[in-house]
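Numbers here simply count residues along the sequence, with the first being 1.
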Amino acid sequence: MKTLKLAQLLMLSVLVLGSSIVSAGDPYPLDYFALRSAVSNVEVSPDGKHVAMLSNPSKEGDPFIEVYKTGNLSAKPFRLNADPMEIVSIYWASDDVIVFRARQKVRDKIEGFNQGVYEFVLASVDIKKKKIKKYEDIGADIENILPTKKNKVIYSFVPGNFKGSKLSEAFRPRAYYELNLKTGGKSLVARGKIALGQIETNGNGKPWLARGFDIQKGDLVWYARVNGEGDWVEFHRQHEDSFEEFSVQGFDTENPHIYFVVANNGKDKAGLWEFDVNTKKFGELIYARKDVDIAGTLPHSNAWTHPDTEVAVSYTTDRTHREFFDGQEAAVYEQLRGIVPNAQYIRVNSRSRDGNTLTVYNQGPRDPGTYYLLHKGKFSKIGSTYPLLKAEELADVKYIKYKARDGRTIPAYITIPNGKPPFPAIVMPHGGPFVAEGIRYDEWAQMLANNGYLVLQPQYRGSKGYGMEHYMTAFNTEAGGQGGYKMQDDKDDGMMYLVEQGLADKDRLGFYGWSYGGYAALIAAARTPNIYQCSIAGAAVSDNQYQVNFYRARIRGAGAIEQLRMWDDSISPIEEVAKVNIPLLVIHGSVDQRVPPAHAHRYMDEVKKLGKKVSYIELDGADHFSNTLFYNHQKQLYESIIGFLKNDCGPGGL
């Protein structure tokens, strides 16, 4: 294939679409949103002489590794793809060796719940010798780039045909090897097991943290090896029924027996704590907030010279905020915030060993993702992930709070289209449902806003990030699971709040969701009285028992309490088909491994029995997750959504 220069690559998406210039104020062609990222994984080599990236030269998406000289980005790059495999991520392992992970579709149908159609392998390329090595272990992944050991990394994989207890899938015991990228030779670092697994290594490649499970007592157990030396020492236990957070983020490099953990420690909101693994006790509370949980820590921008150093604590409200405890790192990020256009979420995603060359990534509501290079004092733009989307045509996102009908405060994000309110509005709840959602650039919300719709993304009860009580009240109540009940009220109440604020038109309200969000969309279609004119359910759980029975016997502890109370007690959409009272569109991927397509098929069978008018679209070859939705999937999805909203949503469309 002909080699493309970077500037040519970033313009190629215009050519492959054959698009005319879009007039200011007009919605973008839906193709623009359907494209996959033009560039991603932009990283500078340890010696600062090269910058590597994944580039997509076609709308269908066939990522290439491209390597440019940092001093001359216009020169012909080294270029490589892995056909018939698809490269999904890259890492510099040394000055001239890049490790990459690739996947290949190996079957046409899923083999069961969480058994998809892809397999993953690990490989490397020497950019000087132009030689590729492929490593044999299926499902292998990089754990540590080993900054102190040239041409070596630590990788892990699940040994073939592991036959553990019913916990095996949840804990996924992995074997950890030090891999010589030049020779392909490997040496065992540690072999995980249920009692002691999930092992992490420090910058020198020595195991310092592990987590296991005491089956007899039902305890999660954490183990330490200070400085990676000596025997494993147990330092913390927590019963499996506990919902408290305890997540080790790193350790104090000057006092390595002090670990940094995000934990509740008896409080509603999780904070960042010191934990002394010698005394086995919590120490100082480093940082906490009254409104949200702490999300985690930020590692030092130079992984080669400070591989074990944490420099900041982060949390999310209107955006991702960081509180630094390293002055130099704080200054770096402050300077970047001052020069990066539409700065929102900024990350130094790679830095040379001498610290003088770095790549920077920014993403936000008006920036789908842009990479920059700082080299020899010059700060320049490398490229945009979606170069056809311009900041002025995208939409602002605001962080709001409103009251649900029972008085609970619900945080939310609203994506506001360019124009004057009131707008037609779509509620788009996140999937999960028990996850945290932070807004940077949301493609679906921006696509809808670009077509004139106000988008509400409520952090309904059950959402994580807002304390234990907000999360647990979705299922840990006398009434049990609140799916279809108060969790659904939270979404409806948010829409009515926007109507009261004059932002949304009460006669032009719709619902769209994916996964749990799709479940909520099915529920919304059957509610009475109904505030929506139509609903769109993507990858939806339609039958609670059918879904939870996939893993009912394989979960225990807090996970079992959460899942079983939620799904056993909540409303099951397939039992509500007779109550559907608004136009409904159901969309599902044909190889969805997380919510198998039988959910949609069973629901549509019930629809036919009851004579309901419900539309159905199946995305051929699409799995549950966004990284399996290729251009044709996205195009079909977006055209279906917008077409349905405009033509089939209530009287006159939405």
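A side-chain donor-acceptor contact under 3.5 Å links Asp367 to the backbone of Gly369. The backbone N or O of Lys206 lies less than 3.5 Å from no partner atom in the side chain of Asn204, so there is not a single donor-acceptor pair. Side-chain atoms of Thr628 come within 3.5 Å of backbone atoms of Asp623 as a donor-acceptor pair (strictly under, hydrogens ignored). The main-chain N or O of Phe630 is found under 3.5 Å from a side-chain atom of His633 such that the two form a donor-acceptor pair. Listed for the Asp396 side chain is no donor-acceptor partner under 3.5 Å among the backbone atoms of Thr415. Counting only distance, with no hydrogens or angles, the side chain of Lys49 and the backbone of Pro46 share no donor-acceptor pair below 3.5 Å. Between the Ser352 side chain and the Gly48 main chain, no donor and acceptor come within less than 3.5 Å of each other. At distances below 3.5 Å, at least one donor-acceptor pair connects side-chain atoms of Tyr371 with backbone N or O atoms of Asn41.
Phe157 pairs with exactly one of Tyr177, Tyr176, Phe120, Tyr135 by the side-chain contact (heavy atoms from CB on, under 4.5 Å) rule, that one being Tyr177. Paired with Leu373 under the rule side-chain contact (heavy atoms from CB on, under 4.5 Å), one option of Leu73, Val42, Leu358 passes, and it is Leu73. Among Tyr399, Tyr315, Tyr333, Tyr345, the one residue that satisfies the ring pair (Phe, Tyr, Trp, His ring centres under 6.0 Å) test with His321 is Tyr315.
Separation of atoms OG (Ser384) and CG (Leu389) is listed at 9.0 Å; rounding is to 0.5 Å. How far NZ of Lys420 is from CG of Leu503: 14.5 Å, rounded to the nearest 0.5 Å. Rounded to the nearest 0.5 angstrom, Asn202 CG and Ile154 CD1 are separated by 8.0 Å. For the atom pair CD1 (Ile382) and CE (Met53), the distance works out to 5.0 Å, reported to the nearest 0.5 Å. Taken to the nearest 0.5 Å, the CD1 atom of Ile400 stands 5.0 Å off from the CG atom of Leu498. Atom CD1 of residue Ile65 and atom CD1 of residue Ile132 lie 8.0 Å apart, to the nearest 0.5 angstrom.
For the pair Ile286 and Val313, the minimum side-chain heavy-atom distance is 4.5 Å or more. Phe251 has its side chain out of reach of Gln249: every pair of non-hydrogen atoms, C-beta onward, lies at least 4.5 Å apart. Under the 4.5 Å side-chain criterion, counting only non-hydrogen atoms from C-beta, Gln636 is in contact with Leu619. Residues Trp92 and Ile127 meet the side-chain proximity criterion, which asks for heavy atoms closer than 4.5 Å. At a threshold of 4.5 Å between non-hydrogen side-chain atoms, the residues Ser515 and His624 count as touching. Considering only heavy atoms from C-beta on, Ser314 stays 4.5 Å or farther from Leu298 through its side chain. Considering only heavy atoms from C-beta on, Arg174 comes within 4.5 Å of Asp141 through its side chain. Considering only heavy atoms from C-beta on, Val262 stays 4.5 Å or farther from Trp273 through its side chain.
Ala93 and Leu181 make their closest contact through CB-CD1, 3.2 Å (heavy atoms, listed as atom of the first residue, atom of the second, distance). Residues Ala395 and Pro365 approach most closely at O-CB, 3.4 Å, considering heavy atoms. Between Pro368 and Tyr386 the shortest heavy-atom distance is CB-CD1, 3.7 Å. Between Pro207 and Ile199, the shortest heavy-atom contact is CB-CG2, 3.8 Å. Residues Asp293 and Ala270 approach most closely at OD1-N, 2.8 Å, considering heavy atoms. Nearest heavy atom pair, residue Pro417 against residue Ala449, reads CB-O, 3.3 Å.
Classified by interplanar angle (parallel below 30°, tilted 30° to 60°, perpendicular above 60°), the ring pair Tyr259/Trp208 is perpendicular. Note: Phe33 and Tyr28 have perpendicular aromatic rings, judged against thresholds of 30 and 60 degrees for the angle between ring planes.
For the 3.5 Å distance criterion, the side chains of Ser350 and Thr359 qualify, holding a donor opposite an acceptor. Side-chain contact, Arg347 with Tyr361: no donor N or O sits under 3.5 Å from an acceptor N or O. Thr70 and His50 are not linked by any side-chain donor-acceptor pair at a separation below 3.5 angstrom, with hydrogens and angles left out of the test. For Asn362 and Thr370, the side-chain atoms include no donor-acceptor pair closer than 3.5 Å. Residues Asn151 and Ser94 bring a donor and an acceptor atom of their side chains to less than 3.5 Å of each other. Side-chain N/O atoms of Asp31 and Tyr638 include no donor and acceptor closer than 3.5 Å. Between the side chains of Gln457 and Asp442, at least one donor-acceptor pair of N or O atoms lies under 3.5 Å. Looking at Gln459 and Glu437, their side chains do bring a donor and an acceptor atom within 3.5 Å of each other. Side-chain atoms of Asp62 and Asn56 form no donor-acceptor pair, as typed in the model, at a separation below 3.5 Å.
Asp95 has a carboxylate O that lies under 4.0 Å from a charged side-chain N of Arg353, or vice versa, which qualifies the two as a salt bridge. By the 4.0 Å N-to-carboxylate-O rule, Glu392 lies too far from Arg366 to be salt-bridged with it. For the pair Glu329 and Arg351, the salt-bridge criterion is met [side-chain N within less than 4.0 Å of a carboxylate O]. A salt bridge links Asp126 to Lys182: one of the charged nitrogens lies within less than 4.0 Å of a carboxylate oxygen. With respect to Asp318 and Lys398, no salt bridge is recorded, no charged nitrogen being found less than 4.0 Å from a carboxylate O. Electrostatic pairing of Arg322 and Glu334 does not count as a salt bridge here, judged by no charged N lying under 4.0 Å from a carboxylate O.
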Task: Test side-chain contact (heavy atoms from CB on, under 4.5 Å) applied to Ile414 and Val397, step by step - done: CA-CA 5 Å; Ile414 53 172; Val397 174; over 6 Å; no
Task: Candidate pair Val67 and Val51, rule side-chain contact (heavy atoms from CB on, under 4.5 Å), full reasoning - done: CA-CA 6 Å; Val67 184; Val51 61; over 6 Å; no
- [ ] Start with the C-alpha gap between Arg36 and Glu86, add the side-chain angles, then the distance that decides, and say whether salt bridge (Lys or Arg N to Asp or Glu O under 4.0 Å) holds.
- [x] CA-CA 13 Å; Arg36 305 185 84 190; Glu86 177 194 1; 2.9 Å; yes
Open item on the list: Pair Asn144, Thr201 - check side chain to side chain donor-acceptor pair (under 3.5 Å), show working.
Closed with: CA-CA 7 Å; Asn144 194 328; Thr201 54; 3.0 Å; yes
Task: Trace of the side-chain contact (heavy atoms from CB on, under 4.5 Å) decision for Glu443 with Gln634 - done: CA-CA 11 Å; Glu443 182 173 287; Gln634 297 276 61; 3.0 Å; yes
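Summarising the local packing, NZ of Lys186 is surrounded by more than 12 heavy atoms from other residues, nucleotides or ligands at distances under 6.0 Å.
Taking the six-membered ring wherever Trp is involved, the centroid distance between the rings of Phe379 and Tyr372 falls below 6.0 Å. Separation of the Phe100 and Tyr91 ring centroids does not fall under the 6.0 Å cut-off.
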